[in-house]
Amino acid sequence: MNKEHSSTGLARFEYSRFFSRERVLTFLSGQHARSRRVLWYFETLVLSARYFQLVSSFDFLSRTKTSRFSHREKLWKVAVVPYLETQSSKIHVAEFGVAYGRATAWWHKNLGNIERWDGFDTFEGLPTPWTRGGVTVMNQGVFAPADSAEPYPRIEGATNITWHKGLIGETISELVRLESSTLFVLIDVDLLEPTRDILRWMEVNGRPGDCIYFDEAFDPFNEGLALNESISRGFKFQVLGYTGSALCIVLT
């Protein structure tokens with residue numbers, strides 16, 4: 001199809017009486033807007049596709065040997081665990097966004113050289129609504145423990161965990177890294193401000209070789225935005241791997 005014919009066909013679609021772009025968008029958007037869940041999935045799919053484009057377009061990312069994985073556990077097992085196990089020092093883990101403790105339990109089962117684990121959370125669910133572009137996608141209180149009598153998750157066999165209850169911006173000052181340790185930071189807070197607080201702390205206290213995992217790096221309104229802000233301030237790293245939403249990096 002030549003360019004002129006293609007442009008003519010596009011124009012016919014744009015200004016068609018029954019099938020114009022505006023009519024199609026108005027109808028489909030109106031249908032999707034009726035359900036927050038359906039809209040969330042459609043929006044997540046688009047943001048994930050944009051995130052893949054971003055990963056491949058950044059020069060400092062495309063020069064590294066990155067691998068794309070289907071889900072976070074595979075990323076952890078294939079890329080992150082081998083990296084952490086090759087470190088000569090013990091691993092100090094700081095987890096931000098503990099929720100039900102699923103990630104905490106996975107890492108205690110699959111990584112043997114954990115020296116200390118600091119877990120940060122409100123342990124009352126999201127402290128504010130999770131929004132994208134001003135629109136709420138998850139309400140305040142989501143991820144609260146089912147049993148309020150036991151706010152902290154039980155992690156089988158773990159004896160080295162310290163829980164930090166409260167807003168991350170207020171409790172992160174309690175984090176003092178172990179000397180001669182590699183710091184592994186798990187970020188699954190979903191929200192912009194706590195991610196900013198964590199990355200500002202890492203800009204001051206992080207060292208080359210430290211590892212950071214973002215569970216929602218694809219979200220350009222929250223975790224992804226905070227990361228881009230740090231990059232603009234000179235944050236340097238290489239990429240271990242990524243999924244449709246997550247990213248794992250090593251500071252350089």
Side-chain angles (χ1 to χ4, degrees), residues 40-58 60-87 89-115 117-121 130 137-138 142-143 153-158 161 182-191 195 198-199 202 206 209-220 222-224 226-228 237-252:
W40 185 89
Y41 279 113
F42 272 97
E43 180 187 48
T44 298
L45 181 62
V46 172
L47 292 179
S48 182
R50 290 294 191 191
Y51 166 65
F52 280 162
Q53 293 176 337
L54 183 67
V55 169
S56 62
S57 66
F58 274 168
F60 72 92
L61 291 178
S62 61
R63 285 198 300 268
T64 64
K65 295 181 179 180
T66 61
S67 296
R68 189 169 78 187
F69 298 92
S70 57
H71 55 89
R72 70 178 190 173
E73 286 83 2
K74 189 170 184 180
L75 165 61
W76 292 346
K77 185 174 182 178
V78 175
V80 188
V81 168
Y83 171 77
L84 294 175
E85 287 183 338
T86 61
Q87 302 306 297
S89 58
K90 292 290 186 177
I91 305 301
H92 178 188
V93 183
E95 181 185 16
F96 296 92
V98 177
Y100 311 122
R102 291 169 184 163
T104 319
W106 191 97
W107 280 101
H108 276 83
K109 182 179 179 180
N110 289 276
L111 186 64
N113 56 340
I114 300 174
E115 181 76 7
W117 189 287
D118 287 280
F120 294 79
D121 204 303
W130 179 4
V137 296
M138 287 192 182
V142 173
F143 307 123
R154 292 192 176 190
I155 309 301
E156 185 177 353
I161 296 178
T182 296
L183 186 61
F184 175 38
V185 176
L186 288 156
I187 300 176
D188 188 6
V189 296
D190 304 323
L191 307 177
T195 310
I198 299 161
L199 290 179
M202 288 298 297
D210 288 345
C211 187
I212 307 177
Y213 167 81
F214 299 84
D215 202 65
E216 309 287 343
F218 82 107
D219 184 346
N222 294 284
E223 288 184 21
L227 177 57
N228 283 328
F237 56 85
Q238 291 182 333
V239 177
L240 279 181
Y242 62 97
T243 72
S245 62
L247 176 72
C248 193
I249 63 175
V250 174
L251 302 190
T252 58

Closest non-hydrogen contact found for Ala246 with Ala217 is C-CB, 4.4 Å
Look up atom OH in Tyr242 and atom SG in Cys248, then write down how far apart they are to the nearest 0.5 Å. 13.5 Å
Measuring from Leu240:CG to Ile249:CD1, what's the distance to the nearest 0.5 Å? 9.0 Å
So, Ser48 side chain and Gly244 main chain: donor-acceptor pair closer than 3.5 Å or not? yes
Aromatic contact, Phe184 with Trp107 (centres under 6.0 Å): yes
Looking at side-chain heavy atoms only, is the closest gap between Cys211 and Val80 below 4.5 Å? yes
Rounded distance [0.5 Å steps], CZ in Arg72 versus CZ in Arg102: 8.5 Å
Can you check side chain to side chain contact (heavy atoms under 4.5 Å, CB included) on Tyr213 and Leu75, steps first, answer last? CA-CA 10 Å; Tyr213 167 81; Leu75 165 61; 3.9 Å; yes
Quick one, Val185 and Met202 - any side-chain contact, counting heavy atoms below 4.5 Å? yes
Minimum heavy-atom separation for Asn113 to Ser89, with atom names? ND2-O, 4.1 Å
Say you draw a straight line from CG of Leu227 to OG1 of Thr195; how long is it, rounded to the nearest 0.5 Å? 9.5 Å
Roughly how far apart are Ile114 CD1 and Leu84 CG, rounded to 0.5 Å? 9.0 Å
Could you tell me if the side chain of Leu111 sits less than 4.5 Å from the side chain of Trp76, heavy atoms only? no
Pair Trp117 + His108: ring centers closer than 6.0 Å: yes
Minimum side-chain heavy-atom gap Val189-Ile198 below 4.5 Å: yes
Return the minimal non-hydrogen interatomic distance between Glu223 and Asp215, and the atom names on each side. OE1-N, 3.5 Å
State, to 0.1 Å, how close Gly209 and Thr182 come at their nearest heavy-atom pair, and which atoms those are. O-CG2, 3.6 Å
From the list Lys109, Arg154, Glu95, side-chain hydrogen bond (donor to acceptor under 3.5 Å, both in side chains) with Thr104 holds only for Glu95
Nearest heavy atoms of Phe69 and Gly241, plus distance in Å: CE1-CA, 4.1 Å
Short side-chain to backbone donor-acceptor contact, Asp210 and Gly206, under 3.5 Å: no
Classify the ring geometry of Phe218 against Tyr51: parallel below 30°, tilted from 30° to 60°, perpendicular beyond 60°. perpendicular
Does a side-chain heavy-atom distance below 4.5 Å link Tyr83 with Val250? yes
Side chains of Ser70 and Thr243: closer than 4.5 Å at any heavy-atom pair? no
Does a side-chain heavy-atom distance below 4.5 Å link Ile187 with Phe120? no
Nearest heavy atoms of Phe237 and Val239, plus distance in Å: CE1-CG2, 4.1 Å
Contact check, side chains of Asp188 and Asp190, non-hydrogen atoms, under 4.5 Å: yes
Roughly how far, to the nearest 0.5 Å, is the OG1 atom of Thr44 from the CD atom of Glu216? 8.0 Å
